[in-house]
Structures are given as structure tokens and as C-alpha cells.
Asks: 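I'd like to ask you about the structure that follows.
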Protein chains: 2
Amino acid sequence: MDSASISSTPADLLRAAGIKVTPGRVRVLQALHGARQPLCHGEMEAQLGADGAAALDRVTLYRILDSLVACGLALKAVDTRGVFRFSAAGTPRQHANHIHFRCTDCGGVFCLKAEPPPPPKLPRGFRLGEVEFDVRGTCAGCSARERE
Amino acid sequence: MDSASISSTPADLLRAAGIKVTPGRVRVLQALHGARQPLCHGEMEAQLGADGAAALDRVTLYRILDSLVACGLALKAVDTRGVFRFSAAGTPRQHANHIHFRCTDCGGVFCLKAEPPPPPKLPRGFRLGEVEFDVRGTCAGCSARERE
DNA sequence: CCACAAATGCAACAGTGTTGCATTTGTGGC
DNA sequence: GCCACAAATGCAACACTGTTGCATTTGTGG
Ligand SMILES: [Mn+2]
Ligand SMILES: [Mn+2]
Ligand SMILES: [Zn+2]
Ligand SMILES: [Zn+2]
């Protein structure tokens with residue numbers, strides 16, 4: 001059986017990748033696998049702070065993320081605001097086939113029952129990376145509260 | 001004849017866009033039109049510093065770039081390092097009804113011959129704000145350079 | 001030429017990411 | 001289990017990119 005199959009624990013993945021298994025790395029990798037969208041450093045810090053365990057140093061978190069990228073367990077990309085976002089590598093994207101609505105009030109992300117629009121035809125020589133259909137507005141809850 | 005034709009001077013473009021014609025804006029717009037690639041703030045500062053005229057304040061440059069983007073005379077995108085890069089746009093409004101491709105290598109923005117997809121249907125109570133269709137990848141030039 | 005909104009310059013600040021270095025910890029070999 | 005040592009961590013300081021507040025200057029319509 002593949003040493004990095006879908007049933008591997010974070011610790012297994014780290015061992016298979018040849019880097020030390022530390023509590024911080026395990027927590028970060030868990031968070032990445034549980035995330036439904038790529039997370040930036042700040043979001044990850046908040047999420048790790050909320051899980052009860054001791055907080056991770058800011059710099060250590062940066063270094064952990066870099067180490068995960070270096071060994072291929074995570075992917076790093078820049079968002080439209082210029083902030084780096086990280087996602088677990090090798091995970092099937094369960095949110096790949098529908099689009100999302102982001103509430104600009106509460107920050108919530110909602111899955112919509114609509115497929116992403118097909119990528120457009122590109123000029124010769126261009127290579128397609130990601131296509132992102134970003135729908136923003138206010139969710140039902142926040143809209144209701146606003147009307148009060 | 002269109003008031004913002006290809007032979008318009010930077011000053012003409014600024015006037016047509018409805019914002020004040022200032023020496024700084026003229027210089028920045030000239031630099032953008034003369035550039036062969038999208039420029040970041042730092043590169044633009046260096047270039048403006050080298051042209052003999054008085055240096056432009058750092059913050060003023062940021063504000064000039066933002067004002068050019070706001071009135072449609074420039075386009076803004078993020079490069080792979082998370083830095084904003086600016087390029088000259090054609091005439092204002094010209095970019096409303098087609099979508100854009102952003103090169104994640106050089107930060108270039110390219111117009112595609114495709115309409116933006118329609119906004120999706122939202123669940124009850126949700127209110128639509130903006131919809132953004134973001135197509136990213138590597139442009140022909142950067143793809144070619146990468147293969148070397 | 002004037003009035004006034006808009007733009008500028010400067011100082012201080014904020015967000016995001018990095019570097020240096022002393023200390024702690026995970027791991028392979030015994 | 002224990003040790004040695006490289007790797008990882010925590011902390012302070014720093015760097016880069018971009019923003020905000022506010023007093024002063026300037027472009028523009030009348
Ligand atoms: Mn989803
Ligand atoms: Mn366009
Ligand atoms: Zn909401
Ligand atoms: Zn490119």
C-alpha cells in the first residue's frame with residue numbers, strides 16, 4: 001500500500017516526506033486538510049489559536065508552511081490581494097465543482113449549487129492556471145440583520 | 001473622433017478620464033505607456049527618479065497609481081511574489097465587457113475575447129455584491145521563457 | 001483672478017514576511 | 001533507554017509593501 005494513501009495520518013505524511021514529525025507540523029497539516037479553501041497565514045494562526053492547544057509562534061508557523069511546501073505536502077499561491085495562501089497537496093478538491101459565495105459582512109463562505117463557468121479560450125501560447133469565479137455579497141443572515 | 005484615441009497625449013487621457021492633470025500623473029502615465037512589462041511601485045520609483053525631474057513622493061506615487069486604476073487608465077494585478085504591478089490600459093470603459101487573463105509570472109493583464117459569465121442564482125435572502133471572474137496562468141512570453 | 005476641491009508631501013503606522021541567534025526537541029545509532 | 005547532533009522552535013529585531021492623517025499646495029471651473 002502506498003505510504004501516503006488517503007488514510008495516512010498527518011504524522012505518516014510527514015514521515016513519508018522525510019521531515020521531522022513535530023506537533024506544530026501535525027497541527028498545521030491537519031488544518032490544511034480540513035480547510036475548504038486555501039488559508040493564509042493569519043487565518044491559520046486564528047484557527048490554531050482556537051483549537052485549545054498552545055499557540056504557535058508566528059515565525060514558526062511561517063517556517064512550518066514553507067517546510068511543507070518544500071517537501072511537497074502543501075501548495076503555495078498568491079491571492080488577488082497579494083497574500084500567500086496555502087493548501088494541502090494531493091487532496092482531491094471536494095469543492096472544485098461548485099462555486100462559492102463569500103459574505104463581505106461576516107466572512108462566511110457558502111457553497112452554491114452552480115458549476116463554475118468554463119474557462120475561456122486562450123490565445124496561442126498562453127497556459128491556463130486557475131480560474132476563479134468569485135461571488136461576493138451579503139449572506140441571508142447578515143442581510144436580515146442589516147434590515148433591522 | 002474619439003476624445004481618447006491612440007494619438008492622445010497622457011494629459012489628454014487624464015482630461016478625458018475626468019481627473020486633474022498633474023505633472024506626477026503625466027509622468028507616471030508616460031512611464032506606464034513606455035513600459036514593456038507591468039511595473040511595480042519600486043521599479044516605477046527608480047525609473048521616475050532617473051528621468052531628471054524632481055522625485056515623486058512614495059505615497060503620492062501610490063495614490064497616483066490608484067487614481068489611474070480607479071479611472072480606468074491603468075490595470076493592477078499581483079505577481080507571483082505578491083507585489084502589485086501596473087500596466088497602461090486602453091481607453092476607459094473599454095474593459096468592461098470582456099474578461100481578463102492575468103499572468104502569474106510577469107503580472108501582465110491581457111484582454112480576452114469573451115464576455116464575463118452571468119452571476120449565479122443565489123439562495124433566498126442572499127444579496128449579490130460583486131462578481132469577479134479571475135483567469136490566471138502564464139502568458140505566451142513567460143511560457144516560452146519557462147521552457148528554455 | 002479667485003475659491004475651493006483635489007492632489008501632494010511628510011510622518012507615522014499597519015500588514016505580511018524574513019533573518020539572526022540562543023535554546024529546545026526529534027531521531028537515528030548505539 | 002540514552003546520546004549526539006542536526007533540525008526545529010521561540011523571540012527580537014528587521015525589511016518590504018502599502019495605508020492613513022493632516023497640514024500645505026495646486027489645478028480648474030467660473
Ligand atoms: Mn464548497
Ligand atoms: Mn481588457
Ligand atoms: Zn454573512
Ligand atoms: Zn507573463
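The sequence lines fix the lettering, A, B, ..., with proteins before strands; numbering per chain opens at 1.
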Asks: At less than 4.0 Å, is any side-chain N or O atom of B:Arg15 found next to OP1 or OP2 of D:dG27? Yes or no.
Replies: no
Asks: What residue among B:Leu13, B:Leu32, B:Val28 forms side-chain contact (heavy atoms from CB on, under 4.5 Å) with B:Leu73?
Replies: B:Leu13
Asks: Applying the Watson-Crick and G-U wobble criteria at under 3.5 Å, what pairs with D:dG1? Answer none if nothing qualifies.
Replies: C:dC30
Asks: Could you check how far NE2 of A:His41 sits from P of D:dC16, rounded to whole Å?
Replies: 19 Å
Asks: Please give, in whole Å, the distance from C:dT24 P to A:Asp57 CG?
Replies: 15 Å
Asks: Roughly, in whole Å, what's the span from CG in A:Leu39 to C1' in C:dT16?
Replies: 16 Å
Asks: Want to settle it: does B:Pro23 or B:Gly42 sit nearer the 5' end of DNA chain D, counting the closest nucleotide to each?
Replies: B:Gly42
Asks: Side chain of A:Asp12, backbone of A:Thr9: donor and acceptor closer than 3.5 Å?
Replies: yes
Asks: Determine: side-chain N/O of A:Thr22 to OP1/OP2 of D:dT9, distance under 4.0 Å, yes or no.
Replies: yes
Asks: Round to a whole Å and report the spacing from CD of A:Glu45 to P of C:dG15.
Replies: 12 Å
Asks: Report the distance from atom CD of B:Glu43 to atom P of D:dT17, rounded to the nearest whole Å.
Replies: 10 Å
Asks: Compare the minimum distances between each of C:dA7, D:dT17, D:dA7 and the side chain of B:Arg25, then state the nucleotide with the smallest one.
Replies: C:dA7
Asks: Where the side chain of B:Phe84 is concerned, which of C:dA7, D:dA8, D:dG18 is the nearest nucleotide?
Replies: D:dG18
Asks: Here's a test of your reading of the structure: between B:Ile19 and B:Arg58, which maps to the more 5' nucleotide of DNA chain D?
Replies: B:Arg58
Asks: So, taking the atom named CD1 in B:Ile64 and the one named CG in B:Leu29, what distance separates them when rounded to the nearest 0.5 Å?
Replies: 10.0 Å
Asks: Starting from P on D:dA7, measure out to CG on A:Leu14 and report it in whole angstrom.
Replies: 16 Å
Asks: Does any nucleotide pair with D:dT17 by Watson-Crick or G-U wobble geometry, both distances under 3.5 Å, and what is it?
Replies: C:dA14
Asks: Applying the side-chain contact (heavy atoms from CB on, under 4.5 Å) test to B:Leu65, which of B:Met44, B:Arg25, B:Lys76 qualifies?
Replies: B:Met44
Asks: Nearest-nucleotide wise, let me know which of B:Lys20 and B:Leu56 is further upstream toward the 5' end of DNA chain C.
Replies: B:Lys20
Asks: Does any N or O in the side chain of A:Arg27 come within less than 3.5 Å of the main-chain N or O of A:Thr22, such that one atom is a donor and the other an acceptor?
Replies: no
Asks: To the nearest Å, how far apart are A:Met44 CE and C:dT16 P?
Replies: 14 Å
Asks: Determine yes or no for a side-chain-to-main-chain donor-acceptor pair under 3.5 angstrom, with A:His41 supplying the side chain and A:Arg58 the backbone.
Replies: yes
Asks: With a 3.5 Å limit on both atom pairs, tell me what D:dT26 is paired to, counting Watson-Crick and G-U wobble, or say none.
Replies: C:dA5
Asks: Is any side-chain heavy atom of B:Pro123 closer than 4.5 Å to one of A:Leu112?
Replies: yes
Asks: Using a heavy-atom distance cut-off of less than 4.0 Å, which residues of residues 59-67 of chain B contact DNA chain C?
Replies: B:Val59, B:Thr60, B:Arg63, B:Ile64
